[in-house]
Amino acid sequence: MATSSFDMIVIGAGPGGYVAAIRGAQLGLKVAIVEREHLGGICLNWGCIPTKAMLRSSEVFHLMHRAKEFGLSADKIDYDLDAVVDRSRGVAKQLSGGVGHLLKKNKVTVLMGEATLPARGKVSVKTDKGTEELSAPHIVLATGARARELPGLEADGDLVWTYKHALKPPRMPKKLLVIGSGAIGIEFASFYNTLGADTTVVEVMDRVLPVEDAEISAFARKQFVKQGMTIMEKAMVKQLDRAKGKVTAHIEIGGKVEKHEFDTVISAVGIVGNVEGLGLEALGVGIDRTHVTTDEYCRTSAEGLYAIGDIAGAPWLAHKASHEGVMVAEMIAGQSPHPVKPESIAGCTYCHPQVASVGYTEAKAKELGYEVKVGRFPFIGNGKAIALGEPEGMVKTVFDAKTGELLGAHMVGAEVTELIQGYVVGRTLETTEAELMETVFPHPTLSEMMHESVLDAYGRAIHF
């Protein structure tokens, strides 16, 4: 069988994979990309994009119930869950088609099938039409990850769901248990709770959204409880007893096991890297807890083999994967890109209220030995937030007291997932408090709170 030769082969067409392929093609490389399921990967088809479409529907539904606050009238407010899901799937389909167009436009060879690595520089692809053999001196793994399933808590698509089932639900839950309060868990909790599900969130750590700054987590928790959620922290689901139409969860909390009954459970307890069946062990590739080990340039222990995105470890974010894809493609093309710095990548959670952060939490900065200056500014002090009817929230900034370096920024409230990029740019430019203080922020905007939070860190806040 003839072998097709390329300069670079990418395995996996998620955000990191297709971006790597396109950037490589832009730089004059002959590129092939292999995908076994959907162009756009999990993020576009089953993650970032469709969840945001569903959350937008729940946000509008929530606002409709507040019509009177805005001097408006809305009667008989209701929703059609099937229509909400159909819209979400339509958005994902549109963008998936766009990825295909971009790959074609950049003359990237696309193969739909399952890839294995039989030897260094070799890729074997099993397609519907048979097996194709490819070769390239540079191979990029971008195979992503899938939902972690704990023994005894496995999803069945009926009573117990993963994120995929929650995106195409067979019914609207009445009494819902969400296991895990990371971004995935809390977003689904927020969506279904807003639509009327009696929602309980169980988190094994000492607080919800455990990777966020402790103050932000505490603020968000209060809002979730205010919205009717039950939050159980330092708790663990030990067992699920399934019966017709119901699940009895055995939840250990405070040293005692309680039994609670639900009609639906969503398991959101992390992810597992898709490393199986590729032939990585035979190539001597290092794997740590289902994720491929790499250096700062995403190079694995096997020459010419790179790993980007979720398969390469935290943070598990699409924008991190995309940036790694660009970096690796540019390295392969002979350029000298800067490595991706995980501590300068923003994390965004699209629950209500939204949560966003970049850099070190206050606790982490202190743990690393920094003497810190911390500023805070509440949404209630911002004119735009009040005009929007969104006075609940906070912006928090953490600075190095000695140098003025912006160490971290943490936000909770309306549209903070858009605001956070201002601080991301600041960190990339190695901005200090002086530049941020001298920057003129437009009025009236939510972004003014970013300025005030910086001023507050140095005892100069005007409106609080």
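Only a predicted model underlies this, so the values are computations on that prediction, with no experimental measurement involved. Numbers here simply count residues along the sequence, with the first being 1.
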Between R221 and E233, does any NZ, NE, NH1 or NH2 come within less than 4.0 Å of an OD or OE carboxylate oxygen?
yes

Does T361 offer a backbone N or O that forms a donor-acceptor pair with the side chain of D213 under 3.5 Å?
no

Salt-bridge test for K366 and E362: reply yes if a basic N is under 4.0 Å from a carboxylate O, no otherwise.
yes

Are any non-hydrogen side-chain atoms of L117 and K122 less than 4.5 angstrom apart?
no

In this structure, OG1 of T51 is separated from OH of Y163 (nearest 0.5 Å) by 11.0 Å

Any salt bridge between K341 and E296, counting N to O under 4.0 Å?
no

Considering non-hydrogen atoms only, spot the tightest contact between F379 and M394 and give its length.
CD1-N, 3.4 Å

Intermediate values then yes/no, side chain to side chain contact (heavy atoms under 4.5 Å, CB included), V326 and S322:
CA-CA 6 Å; V326 169; S322 295; 5.9 Å; no

Strictly below 4.0 Å, N to O, side chains only: are R36 and E114 in salt-bridge contact?
yes

Taken to the nearest 0.5 Å, the spacing of L95 CG from L39 CG works out to 12.0 Å

Under 3.5 Å, is there a donor-acceptor pair between the side chain of S88 and the main chain of P50?
yes

Should V201 and M232 count as side-chain neighbours, where that means a heavy-atom distance under 4.5 Å?
no

For H323, I'd like to know if atom NE2 has over 12 heavy atoms of other residues, nucleotides or ligands within 6.0 Å.
no

Under 6.0 Å from the NE2 atom of H338, do we count more than 12 heavy atoms belonging to anything else shown?
no

Walk me through whether K222 and E392 qualify under salt bridge (charged side-chain N to carboxylate O under 4.0 Å, His left out).
CA-CA 10 Å; K222 286 181 182 177; E392 301 289 344; over 6 Å; no

If we ignore angles and hydrogens, is there a donor and acceptor under 3.5 Å between the side chains of T397 and S453?
yes

Could you tell me whether a side-chain N or O of S190 sits under 3.5 Å from a main-chain N or O of I186, the two making a donor and an acceptor?
no

Test L305 against every option in T294, T300, V292, I11 by the side-chain contact (heavy atoms from CB on, under 4.5 Å) rule and name the one that passes.
T300

Do T417 and Q354 have side-chain N/O donor and acceptor atoms under 3.5 Å apart?
yes

With no hydrogens and no angle check, is any side-chain donor or acceptor of R427 less than 3.5 Å from a backbone partner on L406?
yes

Salt bridge (charged side-chain N to carboxylate O under 4.0 Å, His left out) between E252 and K256, worked out
CA-CA 5 Å; E252 184 179 300; K256 297 180 180 179; over 6 Å; no

Is there side-chain contact between Y297 and V328, with heavy atoms separated by less than 4.5 Å?
no

Any donor-acceptor pair under 3.5 Å from S301 side chain to G286 backbone:
yes

Minimum heavy-atom distance P353-F224, with the two atoms named
CD-CE2, 4.1 Å

Atom CD of E343: over 12 foreign heavy atoms under 6.0 Å:
yes

Rounded to the nearest 0.5 Å, the NE2 atom of H319 sits from the CD atom of E324 at a distance of 11.0 Å

Does F464 CZ have over 12 foreign heavy atoms under 6.0 Å away?
no

Determine which pairs satisfy salt bridge (Lys or Arg N to Asp or Glu O under 4.0 Å) with at least one residue from residues 192-205, sequence neighbours left out, and list them in order.
none

Counting only N and O atoms by type, is there a donor-acceptor contact under 3.5 Å from the side chain of R242 to the main-chain atoms of T248?
no

Determine whether I266 and Y192 make a side-chain contact, defined as any pair of heavy atoms from C-beta on separated by less than 4.5 Å.
yes

What do the steps show when you test E187 against K52 for salt bridge (charged side-chain N to carboxylate O under 4.0 Å, His left out), and what is the final call?
CA-CA 9 Å; E187 285 183 1; K52 303 314 161 282; 3.1 Å; yes

Just by distance, do the side chain of T127 and the backbone of M112 share a donor-acceptor pair under 3.5 Å?
no

Value rounded to 0.5 Å, distance of CG in L388 from CG in L446
5.5 Å

Mark yes when over 12 heavy atoms from residues, nucleotides or ligands other than K164 sit less than 6.0 Å from its NZ; otherwise mark no.
yes

Do E261 and K175 sit within salt-bridge range, that is, some charged N less than 4.0 Å from a carboxylate O?
no

Please tell me if the side chains of S58 and L55 come closer than 4.5 Å, counting only heavy atoms from C-beta onward.
yes

Will you find, in the side chains of T264 and R171, an N or O donor that is under 3.5 Å from an N or O acceptor?
yes

Go through the side-chain N and O atoms of E276 and N274 and say whether any donor and acceptor fall under 3.5 Å apart.
no

I287 versus E281: any side-chain heavy-atom pair under 4.5 Å?
yes

All N/O donor-acceptor pairs, side-chain side in residues 68-76, below 3.5 Å, sequence neighbours left out:
| unit_1 | atom_1 | unit_2 | atom_2 | d |
| --- | --- | --- | --- | --- |
| E69 | OE1 | R66 | NE | 3.3 |
| E69 | OE1 | R66 | NH2 | 3.0 |
| E69 | OE2 | R66 | NE | 3.1 |

Determine yes or no for a side-chain-to-main-chain donor-acceptor pair under 3.5 angstrom, with T116 supplying the side chain and P118 the backbone.
no

Aromatic ring pairing H352/H62, orientation class (parallel under 30°, perpendicular over 60°, tilted between):
tilted

Are any side-chain N or O atoms of H165 and backbone N or O atoms of T162, one a donor and one an acceptor, separated by less than 3.5 Å?
yes

Which label fits H260 and F262: parallel for a plane angle under 30°, tilted from 30 to 60°, or perpendicular past 60°?
tilted

Does M205, at its CE atom, have more than 12 non-hydrogen atoms belonging to other residues, nucleotides or ligands within less than 6.0 Å?
no

Under the side chain to side chain contact (heavy atoms under 4.5 Å, CB included) rule, what do L209 and I216 come out as? Steps first, then yes or no, please.
CA-CA 9 Å; L209 297 167; I216 300 299; 5.9 Å; no

Tell me, with the steps shown, if L280 and L141 meet side chain to side chain contact (heavy atoms under 4.5 Å, CB included).
CA-CA 10 Å; L280 300 182; L141 296 175; 3.7 Å; yes

Approximate separation, where rounding is to 0.5 Å, of I271 CD1 and H291 NE2:
5.0 Å

Ignoring hydrogens and geometry, is there a side-chain-to-backbone donor-acceptor pair from S124 to A115 under 3.5 Å?
no

Roughly how far apart are H65 NE2 and T194 OG1, rounded to 0.5 Å?
10.5 Å

Heavy-atom side-chain contact between E448 and N382 under 4.5 Å
yes

Side chain to side chain contact (heavy atoms under 4.5 Å, CB included) between I308 and V140: does it pass, once the steps are laid out?
CA-CA 7 Å; I308 63 175; V140 182; 3.8 Å; yes

List the steps and the verdict of salt bridge (charged side-chain N to carboxylate O under 4.0 Å, His left out) for E215 and R376.
CA-CA 10 Å; E215 275 188 86; R376 302 170 183 83; 2.9 Å; yes

Any side-chain heavy atom of I33 within less than 4.5 Å of one from E35?
no

